[in-house]
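Chain letters run A, B, ... following the sequence lines, proteins first, then strands; residues in each count from 1.
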Amino acid sequence: MPELPEVEVSRLGISPWLINHTITDVIVRDKRLRWPVPDEIKTAVGRTISDVTRRAKYLLIDVGNADIVLHLGMSGKLRVVEKSTPVIKHDHIDIVLDTGKCLRFNDPRRFGACLWQPKGDELPQFHKLGPEPLTDAFDAERLHVLSRGRKSPVKSFIMDNDVVVGVGNIYANEALFMAGIDPRRAAGRVSASRYAALTDAIKAVLQKAINEGGTTLKDFAQSDGKPGYFAQHLNVYGKAGKACERCGGVIKSKVIGQRNTFFCIGCQR
DNA sequence: ACGTGATCCTGGAAGC
DNA sequence: TGCTTCCAGGATCACG
């Protein structure tokens with residue numbers, strides 16, 4: 001479910017329910033996530049949450065001496081519910097608060113994660129992450145310089161977390177369409193000026209999705225449990241065989257780097 | 001350093 | 001209706 005906008009929308013949704021509240025219990029029903037949920041997570045009991053931030057697609061819940069690190073994987077969802085709310089299938093973790101509410105993590109596929117990061121002790125997952133796409137640290141020059149000599153498809157290149165974080169499959173497809181770049185093109189054969197257009201497109205498509213509350217796909221629900229009601233207008237993603245709204249050509253699909261890829265050969269070169 | 005492919009897991013949708 | 005097959009928003013790891 002989550003691409004970066006969904007993670008950011010989740011962060012905005014859960015933050016007011018967590019910040020300045022004290023954790024009264026941590027319930028782990030199934031620790032078999034992407035990595036086993038560490039027992040240290042229990043030491044968060046009694047601590048007060050001071051902030052909820054995001055790095056790439058990870059959420060960091062600041063409990064003073066450490067961060068609880070959450071990743072939603074492919075199918076993870078967060079809800080804020082009364083702690084008495086009956087659990088449903090795949091409700092793996094509850095972070096219970098002094099308000100009687102709890103943050104409940106549900107993840108059918110268990111590709112998500114819940115980790116414990118003591119202050120000053122960076123998890124290996126964060127070691128070589130590229131810049132955040134919505135900051136000035138992510139710019140066209142970086143893409144141009146890093147891409148020289150690279151033969152892999154430009155789509156794989158922008159989805160590489162070492163290059164820039166947070167560009168998932170949907171928005172990679174959409175940004176490449178907006179910039180008029182063929183996703184199959186070798187990253188090293190995209191010009192500086194076209195990387196400028198791509199950089200702008202990535203920032204625009206992500207920011208728009210955040211503004212609209214996250215793209216609604218089949219299993220996204222906002223953190224209060226209500227389904228998100230904005231479906232961002234998608235130009236190419238999931239539209240193989242349909243007509244391109246810009247040129248009328250047929251949108252094609254092809255697997256690139258094991259991910260389904262959609263593009264218009266009339267609009268993208 | 002780079003590029004490719006396998007892999008973790010479940011459920012919903014599509015196909016027969 | 002029921003069974004089978006395919007596919008999915010992510011990210012790591014092993015290998016050539």
Considering only heavy side-chain atoms of A:Pro153, the closest of C:dA8, B:dT4, C:dG10 is B:dT4
Atom CD of A:Glu6 and atom P of C:dA8 are separated, to the nearest Å, by 17 Å
* **A:His71 side-chain N/O to C:dG10 phosphate OP1/OP2 under 4.0 Å** => no
A:Tyr237 vs C:dG9: side-chain N/O to OP1/OP2 distance below 4.0 Å: yes
Taking a pair to mean Watson-Crick or G-U wobble geometry with both distances below 3.5 Å, B:dG15 pairs with C:dC3
- Item | Under 4.0 angstrom between A:Asn161 side-chain N/O and C:dG10 OP1 or OP2 | no
Regarding the side chain of A:His90, the nearest nucleotide among B:dG5, B:dT4, B:dT10 is B:dT10
### Message
Taking any heavy-atom pair under 4.0 Å as a contact, classify A:Asp107: base, sugar-phosphate, or nothing.
### Response
nothing
note: A:Asp91, atom CG; B:dG11, atom P; distance rounded to Å ~ 13 Å
Closest to the side chain of A:Gln125, out of C:dG9, C:dT12, B:dT10, is C:dT12
| base_contact_polar (B:dC9 base, A:Arg110 side chain, donor-acceptor, <3.5 Å) | no
Rounded to whole Å, CD1 of A:Ile88 lies from P of B:dG11 at a distance of 11 Å
DNA chain C nearest-nucleotide lookup for A:Leu129 and A:Arg259: closer to the 5′ end is A:Arg259
note: A:Arg109, atom CZ; C:dA11, atom P; distance rounded to Å ~ 13 Å
Given the options A:Lys77, A:Arg79, A:Arg29, A:Asp91 meets side-chain hydrogen bond (donor to acceptor under 3.5 Å, both in side chains) only with A:Arg79
Would you tell me if any nitrogen or oxygen in the side chain of A:Arg150 comes within less than 4.0 Å of OP1 or OP2 on B:dA1? no
| said: Would you call the rings of A:Tyr58 and A:His71 parallel, tilted or perpendicular, taking 30° and 60° as the class edges? | reply: perpendicular
Ring centres within less than 5.5 Å and planes less than 30° apart: is that true of A:Phe111 and C:dA11 in this structure? no
Between CD1 of A:Ile256 and P of B:dG5 the distance, given in whole Å, is 12 Å
Less than 4.0 angstrom between a side-chain N/O of A:Lys151 and OP1 or OP2 of B:dG3, yes or no? no
Count I, L, V, M, F, W, Y as connected when their side-chain heavy atoms are under 4.5 Å apart, and connections chain through other members. Are A:Ile27 and A:Ile95 then in the same cluster?
no
Taken to the nearest whole Å, CG/A:Leu33 to P/C:dG10 is 18 Å
Rounded to the nearest 0.5 Å, the CG atom of A:Asn20 sits from the CG atom of A:Asp98 at a distance of 10.0 Å
A:Leu123 atom CG is separated from C:dT12 atom C1', nearest whole Å, by 15 Å
To the nearest angstrom, the CD1-C1' distance between A:Ile170 and C:dC7 comes to 14 Å
d(A:Leu18 CG, A:Ile49 CD1) to nearest 0.5 Å is 4.5 Å
Side chain to side chain contact (heavy atoms under 4.5 Å, CB included) test vs A:Leu103 passes for just one of A:Val52, A:Ile61, A:Asp94, namely A:Ile61
Any strand, both distances under 3.5 Å, Watson-Crick or G-U wobble: C:dG9 pairs with none
Sorted by position of nearest nucleotide on DNA chain B, 5' first, the leading residue of A:Ser152 and A:Gln258 is A:Ser152
Can you see if the side chain of A:Arg32 gets near the phosphate of B:dC9 - specifically, an N or O under 4.0 Å from OP1 or OP2? no
Closest of B:dG3, B:dC9, C:dG10 to the A:Arg34 side chain is C:dG10
The nucleotide from C:dA11, B:dG11, B:dG3 with an atom nearest the side chain of A:Lys89 is B:dG11
